[in-house]
J.: 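One structure, pasted below without further comment.
Protein chains get the first letters and strands the later ones, always in sequence-line order, with residue 1 at the start of each.
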Amino acid sequence: MSDVQQLFLEREKRMADAVALKKPDRVPIACLWDFFPARWKGITAKDAMYKHQVMFDAWVECMQHFEPDTVDNPFPLRGFGPLLDVLDFQHLQWAGHGLADDMGYQFVELEVMKPEEYDHFLYDMSDFMVRRFWPRVYKSFAPLENLPPLNQVISYFWGIHNAFFLLTPEMESVRTAMIEAGKASAEILKWAAAYGKKMAELGFPSSYGGFSQVPFDTLGDFFRGTKGIMMDLYRRPDKVMAACEKLLPIMINTAIASTKRTGVARVFIPLHKGLDNFMSPQQFQRFYWPHMKELLLAFIHEGITPWVLVEGVCNNRLEAFRDVPPGKVIYHFEATDIFLAKKMMRDRCCIRGNVPMSLLTVGTPEDVKAYCKKLIDICAVDGGFIMDAAAPLSDSRPENVQAMFDFTKEYGVYH
Amino acid sequence: MQDLVNAVAEMMEDDALALTRKYLDQGIPPVDILNAYKDALGIVGKRFEEGIYFVPELILAGEMMKAASELIKPHMAAGETGAGSKKIGKFLLGTVEGDIHDIGKDMVHMLMDINGFEVRDLGVDVPAKRFCEEYKDFQPDIVGLSGLLTLSYDSMKAVVDCLKEIGARHKVKVIIGGGQVDEHACKYVEADAWVTDAVTGVKYALQWMESKA
């Protein structure tokens, strides 16, 4: 076995041991790199998003420098500028497209699905997606709004003349956009594959091979918007429930398929709208946790490790979160009291996090080291812990990230 | 109008609208109806503080208030603002440069408004220079800087630096709010306070106005 293969296996084992609540050789460390490598290398976010070779080189160099235990692939969700352009994508603003060249992208709140459209969504989701959702989110597909309902295209009387609708000049622009989007996407995925291969050659396992969400978050983030779904809890709770149930198998199946395709049995699940302040314990128990638990159990059943990024503060959700089989789930905390979490989950879940973004962004290396020491002393002492920032690195100062890595690798060795 | 206050405070949206219509038809002064809403939103804010209510209730209460204002507007005499009552202070608000998030900011706007502040809301992605120009024009007691991202630390700091440059920093309180602010960010920005929810922000503002009076 080559040294690199050895290194790859060591890193995988380090992660696997932590997940299984065992003590690895040292505390594993990994991050969601976001656009940090661009900043570290002195290139703009725009360059990273649009110039594939530039991103490839900068990210490879950055990973070789920091040597994390797992790495995420920047191409699918960072190096996708050309694709966003072709699609005229509405859910983001990005460098050179509403934002300055050196800024990471930002999510745009939209009410893509109107309240009165729940019934359409529930009756025929695919038709709703193609004729309502796509035209609004991918503006280049706007003319699809004029297609006949997809479920009316059947046979004989109902169907054989429907290609007629595709003939208009505006549909020609849609066809062109679809082909161009396909090309842009193929190019990005080619780079993604190359990056994954390069990382493996350098001995770095992938941090995750699939993405999923709690259905309430998907419905809120992408369909109804934050305000919309919050009001729906009062105005149409039954529809919210029905829509979440409709989304649940989709959230499970797409992620499982993706882990099979990528061969990486970890699924990344960021939590957005079930936080302490965002809903009552009763609302959480009704609209959020049951689907979240089903999601986690479905992945565990398939031998997949859910890596749950608990955004915001979830101190009051920990009791629910710990109700999963032991040694199978990673909970990555942002601003939740991680020391309380450790106390409550010691025998149940691997804890990950949570060097505050404020320290990494405007603190000093000494601040960062002091916090990492506390984390290791309290959270890592008996294993079951992964060092990470509280959230994606974005604007962190390089010297602070360096301090986090150096200190963890030195002080985090188990004896 | 206790029934209206209760309907709003208990999130009975349909009842609240029906009662609002009823009182308008009965010729109750619009300002009294608006005051009932303000009382109700006061209760909602208090319940948020106590951990009984959460973001959905704040948002829904804000929407009820907005719908009621629309109903009431045609009944107002010319020049009557409904805000009517004496303002307790001026609050300049905005999401800082580079950040386009507005949900938290909008909640702060609504709550500061019903708590008696005159609010000037500059929107999102507001450059430091603009904050300072508006400061000179509006002469607020408090400047509220909103931002959800870590990049907003520098933008917030730029506003504070600008306030220093024009010799205004000691005359005004600066409060920062958003998911990523904490004591470290507050120290870096040199703000007077940091909050991660709107209700706590209002509490600070009210305390400051009290100690000023």
Side-chain angles (χ1 to χ4, degrees), chain A residues 34-35 39 45 92-93 98-100 102-109 220 225-235 237 273-284 287 311-313 316 334-335 356-364 367-368 371 389-397, chain B residues 10-14 47-49 51-64 66-67 95 97-104 106-107 124-125 127 147-157 176 178-190 194-200:
Chain A
D34 195 12
F35 283 103
R39 191 186 168 94
L92 295 177
Q93 282 195 16
L99 297 180
D102 58 347
M103 285 170 57
Y105 55 72
Q106 294 179 41
F107 188 72
V108 177
E109 281 276 338
T226 303
K227 272 190 198 169
I229 199 159
M230 293 292 174
M231 290 192 289
D232 290 346
L233 287 177
Y234 278 94
R235 289 178 174 169
K273 293 180 163 64
L275 320 181
D276 280 356
N277 267 345
F278 278 32
M279 52 169 71
S280 70
Q282 295 79 8
Q283 287 159 344
F284 176 77
F287 296 100
E311 298 191 18
V313 179
N316 300 328
E334 184 180 10
M357 299 322 294
S358 61
L359 283 187
L360 288 167
T361 311
V362 296
T364 64
D367 296 334
V368 170
Y371 193 87
L393 288 181
S394 52
D395 310 301
S396 300
R397 284 182 188 159
Chain B
E10 296 300 326
M11 304 290 126
M12 315 287 276
E13 201 181 7
D14 296 341
R47 288 186 185 168
F48 183 89
E49 258 179 81
I52 299 166
Y53 275 174
F54 300 86
V55 168
E57 289 77 18
L58 286 184
I59 288 180
L60 189 62
E63 287 298 309
M64 283 193 262
K66 222 188 323 176
T95 302
E97 183 163 25
D99 198 320
I100 58 171
H101 294 89
D102 63 4
I103 293 179
D106 290 350
M107 259 188 268
V124 300
D125 192 13
L148 198 71
L149 309 166
T150 49
L151 66 84
S152 64
Y153 301 157
D154 279 322
S155 303
M156 289 171 173
K157 191 173 167 52
I176 60 174
Q180 296 290 356
V181 303
D182 60 11
E183 72 265 29
H184 308 294
C186 188
K187 201 174 129 204
Y188 177 75
V189 171
E190 297 181 64
W194 62 275
V195 290
T196 53
D197 73 80
V199 172
T200 312

J.: Checking B:D182 against B:H184: is there a side-chain donor and acceptor pair closer than 3.5 Å?
T.: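 Distance-only check fails for B:H184 and B:D182.
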J.: Could you tell me the separation between the CD1 atom of B:I100 and the CE atom of A:M103, rounded to the nearest 0.5 Å?
T.: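 Going from the CD1 atom of B:I100 to the CE atom of A:M103 covers 8.0 Å.
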J.: What's the separation between atom NZ in A:K273 and atom CE in A:M230, rounded to the nearest 0.5 Å?
T.: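 One gets 6.5 Å once the value is rounded to the nearest 0.5 Å.
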J.: Sort B:L58 into side chain, backbone, both or neither according to what part of it lies under 4.5 angstrom from a heavy atom of chain A.
T.: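 No part of B:L58 comes within 4.5 Å of chain A.
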J.: If you count heavy-atom pairs within less than 4.5 Å of chain A, which of B:G62, B:G179, B:G98 leads?
T.: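 So the answer, after comparing B:G62, B:G179, B:G98, is B:G98.
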J.: Can you say whether B:I103 sits under 4.5 Å from chain A via the side chain, the backbone, both, or neither, judging by heavy atoms?
T.: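 B:I103 touches chain A through side-chain heavy atoms alone.
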J.: Is the CE atom of B:M12 crowded by more than 12 outside heavy atoms at less than 6.0 Å?
T.: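 Open: at most 12 neighbouring heavy atoms sit under 6.0 Å from CE of B:M12.
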J.: Going by atom types only, do A:E109 and A:T226 share a side-chain donor-acceptor pair under 3.5 Å?
T.: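 Yes, side-chain donor-acceptor contact under 3.5 Å.
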J.: Checking heavy atoms, do the side chain of B:D99, its backbone, both or neither come under 4.5 Å from chain A?
T.: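 Interface part for B:D99: both.
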J.: Side chain from CB out, backbone as N, CA, C, O: work out which of these in A:E334 comes under 4.5 Å of a heavy atom of chain B, or both, or neither.
T.: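 Side chain only.
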J.: Heavy-atom distances under 4.5 Å only: say whether A:M357 touches chain B with side chain, backbone, both or neither.
T.: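 Both backbone and side chain.
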J.: Of the backbone (N, CA, C, O) and the side chain (C-beta and beyond), which part of A:D276 lies under 4.5 Å from a heavy atom of chain B, both, or neither?
T.: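 Contact with chain B: backbone only.
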J.: Distance check, rounded to the nearest 0.5 Å: A:S358 atom OG versus B:K187 atom NZ?
T.: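 If we round to the nearest 0.5 Å, A:S358:OG and B:K187:NZ are 10.5 Å apart.
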J.: Counting heavy-atom pairs closer than 4.5 Å to chain A, which one of B:Y188, B:F54, B:Y153, B:F48 comes out on top?
T.: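 Between B:Y188, B:F54, B:Y153, B:F48, the count favours B:F54.
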J.: Only one of B:V189, B:I176, B:T200 forms a side-chain contact (heavy atoms from CB on, under 4.5 Å) with B:W194, so which one is it?
T.: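 Exactly one candidate clears the test, B:I176.
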J.: Could you have a look at A:I229, A:L359, A:V108, A:V313 and say which one has the most heavy-atom pairs with chain B under 4.5 angstrom?
T.: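 Heavy-atom pair counts peak at A:L359.
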